[in-house]
Amino acid sequence: MLQRRHAVVSVGLTALALAGVWAPAAQAQDKPKVALVMKSLANEFFRTMEDGAKAHQKAHAGEYVLLSNGIKNETDTAAQIKMVEQMVAQKVDALVIAPADSKALVPVLKQAVDKGVRVVNIDNRLDAAALKEKGLVIPFVGPDNRVGARLVGEHLAKQLKAGDKVGIIEGVSTTTNAQQRTAGFKDAMTAAKMNVVGVQSGQWEIDKGNTVAAGMLRENPDLKALLAGNDSMALGAVAAVKAAGKAGKVLVVGYDNIRAIAPMLKDGRVLATADQFAAKQAVFGIEEALKAVKNKTPQAQMPAEVKTDVVLVTK
């Protein structure tokens, strides 16, 4: 049996501990290091993403070392920028990132690319204009959020009638995926001739989603539905609907298909959500990054986009 030699594990211990990966330093140096930087690990979606990445690394332990981390809340962009800087300082070969802000992360990612790090974008697409300004090509590996949200909105519209009032609870408004999901919801509502009474940010979080939903319900006593840009905000909306005494009268939809939403889909508290396969998203990004490292593909020659699936989930 092989025995761990704790004396050599201490080299690079901090970096490896971030990902829960333990390997002798000499062995780790022979394998590419891939950093996974996510948004809030308080969000079940990103914990699922991290679990999927760790499972993939465990199954391919001879191929790469994984370093993973995430910020404490969805809007702590400064902490995520610092996290990227730390990963680059640890001389990772590749960086897979779900950016907290579509524009603010671009400068630090440019610094990473300039130092030879291959960068791949997942979950929330980086801003095209900001990338162009920096002369950057960073592949986006992920689903079409607008299409996914439209699928959810179209399913909701079948339960409503033209002219019904609905409210949209948006994610962090500076993020492209929040904007795209709102656009997809609006596409479906416009096509079905619904009355969108407001779009307000719940910042991807349960409590803020609850506050926004409660306000919309107070301001619009005849509101018929709430469309939440992720399932965390949908959980907050469900609680607000119950508190307002309108359970069964105001429909709620979400996006992400986290585990906590399953019982609500089953009993009707949530009508529908979209599954973009959280456990696979990071893996798709990691595989794209490893391919570029292995083939020594320059960042500028990496593909601009790799589409992944998104599907409607109902009861």
About how many Å separate [atom2] of [Y] and [atom1] of [X], when rounded to the nearest 0.5 Å?
| X | Y | atom1 | atom2 | value |
| --- | --- | --- | --- | --- |
| His155 | Thr273 | NE2 | OG1 | 11.0 Å |
| Ile286 | Lys280 | CD1 | NZ | 14.5 Å |
| Thr77 | Lys39 | OG1 | NZ | 10.0 Å |
| Leu151 | Thr314 | CG | OG1 | 11.5 Å |
| Lys208 | Met233 | NZ | CE | 11.5 Å |

Indicate whether any N or O donor in one side chain lies under 3.5 Å from an N or O acceptor in the other, for [X] and [Y].
| X | Y | answer |
| --- | --- | --- |
| Ser68 | Glu50 | yes |
| Thr182 | Gln179 | no |
| Glu205 | Asn73 | no |
| Asp101 | Thr174 | yes |

Counting only N and O atoms by type, is there a donor-acceptor contact under 3.5 Å from the side chain of [X] to the main-chain atoms of [Y]?
| X | Y | answer |
| --- | --- | --- |
| Asp275 | Val311 | no |
| Asp231 | Ile258 | yes |
| Gln80 | Met38 | yes |
| Thr176 | Ser102 | no |
| Arg181 | Arg150 | no |
| Asn295 | Lys291 | yes |

Heavy-atom closest pair, residues [X] and [Y]:
| X | Y | value |
| --- | --- | --- |
| Pro32 | Leu290 | CG-CD2, 3.9 Å |
| Asn195 | Gly163 | CB-O, 3.7 Å |
| Gly285 | Val141 | N-CG1, 4.0 Å |

Would you call Leu156 and Leu227 a side-chain contact if the rule is heavy atoms closer than 4.5 Å?
->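 Leu156 reaches Leu227 side chain to side chain.
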
Taking C-beta and beyond as the side chain, do Lys186 and Val199 meet within less than 4.5 Å on heavy atoms?
-> yes

Check: Tyr64 ring centroid to His56 ring centroid under 6.0 Å =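 Centroid distance Tyr64-His56: below 6.0 Å, so yes.
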
Set of side chain to side chain donor-acceptor pair (under 3.5 Å) partners for Gln276, sequence neighbours left out = Asp256, Gln281

Looking at Lys165 and Asp222, does any basic side-chain N land under 4.0 Å from a carboxylate oxygen?
->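 So Lys165 pairs with Asp222 through a salt bridge.
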
